[in-house]
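Heads up, the thing below is written out as structure tokens.
Chain naming here is simple, since letters A, B, ... match the order of the sequence lines and numbering starts at 1 in each. Keep in mind it's a predicted model, so treat the numbers as computed, not measured.
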Amino acid sequence: MVKVTIDTQEYMVDESGTILDAARSNGIDIPTLCHDEQLEPFGSCWLCVVEVEGERRPLVPACATKIREGMVITTKSELILNARRLCLELLLSDHYGDCLPPCQAACPAGVRVKDYIDLIRDGKYQEAVEVIKENNPLPAVCGRVCVRPCELACRRNLVDEPVAIDFLKRFVADLEMGDSLQSTVYSPQSMDGKRVALVGAGPASLSCAYYLAGMGYGCTIFEALPEAGGMLRYGIPEYRLPKDVLDKEIASICGHGVEIRCNTALGRDFSIDSLMNDGFEAVFVGIGAHGSYRLGVDNDGSDGVLSAVDFLRDMGLNKEIKLKGRVAVIGGGNSAIDAARTSLRLGADEVMLVYRRSRAEMPANEIEINEAEHEGIKYHFLTAPVRVIAENNRVQGIECIKMELGEPDASGRRAPVPVQGSEFTIDVETVIAAIGQFPETACLAGEQDVQLGRGKTIVVANNMAVGRAGVFAAGDAVSGASTAIEAIAGGKRAALAIDQYLRGEVSSEKLLKEFNVSKGSLDEVDRGEFEGIEKQARVKMPELEITERLKGFDEVELGLSQTDASLEADRCLKCGCNAVDKCYLRSYGIEYGVSLDKFKDGKVHHYLIDNSNPAILRDPNKCIRCGRCVRICLEIKGIGALGFVNRGFETTIEPTFGKPLAETGCDSCGKCAASCPTGALEFSQV
Amino acid sequence: MQKARIIVGLGSCGIASGGRKVYEQLQQGIASRGLDLTLEETGCIGMCYNEVLVDVVIAAGTTTYKQVTPEMADRILDEHIVEGRIIQEWTVTEEDEKCLNRQQRIVLRNCGKISPESIDEYIEQGGYRAIERVAKEMSPEMVIDEITRSGLRGRGGAGFPTGVKWGFANKSAGDKKYFICNADEGDPGAFMDRSVLEGDPHSVIEGMLIGGYAIGANHGYIYVRAEYPLAIKRLKIAIEQAKARGFIGQNIFESGFSFELEIKEGAGAFVCGEETALIASIEGSRGMPRLRPPFPAISGLYGKPTNINNVETLANIPWIIFNGAGKYASFGTEKSKGTKVFALAGKIQRGGLVEVPMGMSLREVIFDIGGGTSGKHEFKAVQLGGPSGGCIPSSLLDTPVDYDSISQTGAIMGSGGMVVMDNTTCMVDIARFFLNFTQNESCGKCTFCRIGTRRMLEILERIVAGKGVDGDIELLEELAENIRRTSLCGLGQTAPNPVLTTLKYFRDEYEAHIKQRRCSAKACKELISFAIIDERCKGCGLCIKVCPTGAITGEKKKLHVLDADKCVRCGQCVAKCRLEAIIRVDRW
């Protein structure tokens, strides 16, 4: 035994070992990627660097430096941490893979899509719902109204069509709601009776309350309108999201111990101060974006000019609305389509949608755009209203002008430019403006330290905290009019931040976006990887006949059958890295707070994946050249099926003579895969 | 009376300059004239800029003709040999002689003088007398002591004291030991070892014999790159000759000392110059350095104690034994004894090999011996130590060439490559050039060397393309420092040196590239354009003929016009124009 000092502490350690051995045997962690205890030190990754007093070199590899009597070792210093971080950043800069499946990475709430689809395929419906609810407490709602960034990112797009992720989500959520599944048993831990108030009962607050309640906090939601749901109830029409589905899903959240008080408005019935005085220790502001912009043209205040927000809210409030004659909806978003399709159902003779850009630029979902067209909505693209024509303050029509697309603007979309002299008139009785929304912040007028930014949105820090201690915000109130899934995601992030706040912890990295190496967008990934995959058509959602639809507000989409759901689940390509939970490159990357774009313009290798061996999947794109596999195969197995080839940046590890692994002496023992610190060598998933 | 001799310089430089044709022409001329003289070949004397060199040795003395072409051969034979009249205008100048005289030739003592394929000529110069003395009169410890006292340090680059190294290998216990000559000379611009092997192979073999005796090794390898076919050929001849005379083999000089010697040809990987990679390569494995310790002296080739020395180091050995450590140590500085061979290359007037005492200033080497820059452009910097070394600016020209002084500049002595640059050389581009070399030659083992050098190269590439961004210099420095600290072998540890030294001495050039998109040397294609100066252009049309893209137009005897959109900035027109009417200008 010899005496050494590690990080100012003295230890007696075995003199035959290395610095790494000495540190590890005393519970001091030094990271390494290339070292495997079965093997002799190799010293290639250089992640295990430490400082040793009196050494010629400022940094030495702990895995390969023999321990000596009296050594004074430092395992953490700025020099060391910077070197380790840079080491990881360099390795990650040439690491072509997806940690997370692209669907999950694209989901604002980070729902584990691949996992729940897997469970659906296996018929484990209850488990599938539980997986969804880890990140999204409103699956039946989202299964109907989500804008599906997951499907846009789905790699199946490169084969045929994306997996019908949203349909599958609705399929299991409906099963749960229909009581054919046993609802998740809920047993919150007590948080010493700490209570949180949430303002507004939209998706952000519902999500925030759900997760806070799950952590044991008492949650009370205050809602100004008569019923809970926010824009889900007062913005989305019945035919897309039946109220009973929404009711059931809200009821399920209330079943977790969340109390909702309706007809109670901030600024009128209470203030943040009064909430704090009433014993709430944190307040979440999720007031949405219920204000709407006027058209800003002559006569835009005439009778017969409505805002889509008001129009759809009145629908939600079950007010009697009669529309006759012709209706023009101005705008290109989902609200515009909702207003148009609702108008049609209310008996309008003809409904037109006027949008100043072209179809490709419409922010509304493509499915919605197509469905509206099927139902008979007429589109006027590249058209903008110039003025409302009114007589006796009553709408008679609108004068429009044709537009053409010019240079891209700040949003990256090509800006529409009026075509001089192209004015024309459309005769209409009703004009519905759906050209943008903003938070109605009059209710915050008396509040201190709530700062408003662009478009009257509430300014928050990374952890959703508002300037005032204990106050947090998310959803449309923060982002401006956005999607349900964004609000749900923001609500959960706020819940985590509120929990940390109430525990007295500083906000942590956990709240930031999950660490993810990505192969890139669909344009960026290698097509070759998808060439051999057999095409299989995406399942069709059964729908109500057009004639049936227009009779009223019955739900249009009818839901998938179990057979279709299973077939569809089988289309999933199971993207994402199988090693994501055991990958050291990833866990160290997170631990050392690496930047994934430090070398973003640098060359990244793309290699073919070798799946010739049924037991071992070899993905050289993820290889960090640590040589563990090469050494294990040669030194322990005596086979040498793998070796280093090429030089410099082109160095890689390949099976003998560049053959597929199956054609080498490999006996599939799996020692290489077991030792691989990343997902470059993996046991094949059966 | 001795027969007249004609000796043709047939090192690689002589052959490249057309030496074989000169040799053949002389051969024919001698035969057709029925002259009674011997035609011989020799290695490189160092005046590569004057090749093909031909020595005529007659009773009256030796005359050296320079830049000889086959057409000149007949006149030399007719006038000099037949008529005894020296052709003065073709001989090397006094200036050339002076350059030679300012040198101190120990390593190159026989190069360009004797026939490398004749063991007799080597022996005539005192060859194999050192090993004879060692074998007959000295114990291994005495040899090591002599070498240690000479102060000789490894000429491969690191400068480790040779005697001390031998001492380690001598003391290392083992039934079998190996002695390796590292002839894997890989630096771009360096050709010292090649010239020694081509010009005086026996001196290296004798050095190995002495070293083998000193450490107790009976088996030697010369690891030489396959790109040196002439060196390999002459080494093979030399080994056969030495074997035939009993200098290699059993019981050498009846001392009981036996030594076998093999040549191992390397496939040209730069990293195999690193000793552990070299050993791996001889063993048949991938040339990849491994961790030290254990050092080769303890566990080297096939796990046995092994000593590795470079060619130049070994060529010194017989001289030291023969002339004594004290004589050797009388040359040089306190910590750097003896001489050093440099390969002068780049924008230098008298490119070639020079051997000077340690401690001579860079200025003397480059200007007094090398004659300064080759063109009319001013000296800007000299790259010392190849891709592992650094750029030394003109302000430091008085730095003495010794290990420590050179290190202080940020460069390294290295193996002795000296690439001279004038002010048409862009320092960012030169850093990019050297880094491109090391990044390609990295064995790929260490993260920082494999990926870090690549990322540095990418940054340099975008800087020379005028696409550098704020923060690039800092990122280069961050990478450079970490690559130095965290690479296993010398290749990685020194790879950032060209970038670090150019950043140290020419940071303004980096900044100008990034901030103003300007290259002060007007060398970076993306940052310059070409312009015709109206007053100078006489409309000769030469530029129009060489322009590959038809970017220059104009009638004969009328002012020519250059279309910047068509111009690909190849620079051929500038090179062709006799009136300097086309110039490089800043593009941005």
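- Across Glu458(B), Glu461(B), Arg286(B), the residue that shares the most heavy-atom pairs under 4.5 angstrom with chain A is Arg286(B).
- At a heavy-atom separation below 4.5 angstrom, chain A is approached by Ala269(B), Val271(B) within residues 269-279 of chain B.
- For the options Ser93(A), Pro58(A), Ala64(A), heavy-atom pairs under 4.5 Å to chain B are most numerous at Ser93(A).
- In summary, the side chains of Asp14(A) and Ser16(A) do present a donor paired with an acceptor at a separation below 3.5 Å, with no hydrogens or angles considered.
- For Arg485(B), the parts lying near chain A are the backbone and the side chain together; criterion is any non-hydrogen pair under 4.5 Å.
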For this session: Could you please spell out the steps behind the salt bridge (Lys or Arg N to Asp or Glu O under 4.0 Å) verdict for Arg225(B) and Glu227(B)?
Result: CA-CA 5 Å; Arg225(B) 53 202 305 115; Glu227(B) 293 99 316; 3.4 Å; yes
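- For Ser487(B), the part lying near chain A is the backbone, with the side chain staying farther off; criterion is any non-hydrogen pair under 4.5 Å.
- To the nearest 0.5 Å, atom CG of residue Leu476(B) and atom CD1 of residue Ile459(B) are 4.5 Å apart.
- The closest donor-acceptor contact from the side chain of Arg631(A) to the backbone of Gly627(A) lies under 3.5 Å.
- Only the side chain of Asn482(B) comes within contact range of chain A, with at least one heavy atom under 4.5 Å from a heavy atom of that chain.
- Defined by atom type and a distance below 3.5 Å, a donor-acceptor pair is present between the side-chain atoms of Asp7(A) and Thr75(A).
- Interface remark: Gln439(B) contributes backbone and side-chain atoms alike to the contact with chain A (heavy atom separation under 4.5 Å).
- Side-chain N/O atoms of Arg484(B) and Asn497(B) include a donor and acceptor closer than 3.5 Å.
- Judged by a 6.0 Å distance limit and a 45° cone about the ring axis, Lys445(B) is positioned over the six-membered ring of Phe42(A).
- Of the two parts of Leu479(B), the backbone and the side chain both hold a non-hydrogen atom closer than 4.5 Å to a non-hydrogen atom of chain A.
- Looking at Glu265(B) and Tyr223(B), their side chains never bring a donor and an acceptor atom within 3.5 Å of each other.
- Gln493(B) touches chain A through its side chain: at least one heavy atom from C-beta onward sits under 4.5 Å away, while N, CA, C and O do not.
- The greatest number of non-hydrogen atom pairs below 4.5 Å with chain B, out of Leu33(A), Leu86(A), Asp94(A), is found for Leu86(A).
- Lys603(A) touches chain B through backbone and side chain together, each having a heavy atom under 4.5 Å away.
- For Arg625(A), the parts sitting under 4.5 Å from any heavy atom of chain B are the backbone and the side chain alike.
- A donor and an acceptor atom, one from each side chain of Tyr592(A) and Arg85(A), are nowhere located under 3.5 Å apart.
- Counted by atom type alone, Ser77(A) and Glu51(A) present one or more donor-acceptor pairs between their side chains at under 3.5 Å.
- For Ser521(A) and Glu524(A), the side-chain atoms include at least one donor-acceptor pair closer than 3.5 Å.
- No other option in Lys66(A), Lys598(A), Glu89(A) has as many heavy-atom pairs under 4.5 Å with chain B as Lys598(A).
- Formation of a donor-acceptor pair under 3.5 Å by the Ser172(B) side chain with backbone atoms of Ala297(B) is found in this model.
- Residue Arg290(B): no heavy atom, backbone or side chain, is found under 4.5 Å from chain A.
- In this structure, the side chain of Ser405(B) does not engage the main chain of Asp402(B) through any donor-acceptor pair within 3.5 Å.
- When heavy atoms are compared at a cutoff of 4.5 Å, Thr652(A) does not approach chain B at all.
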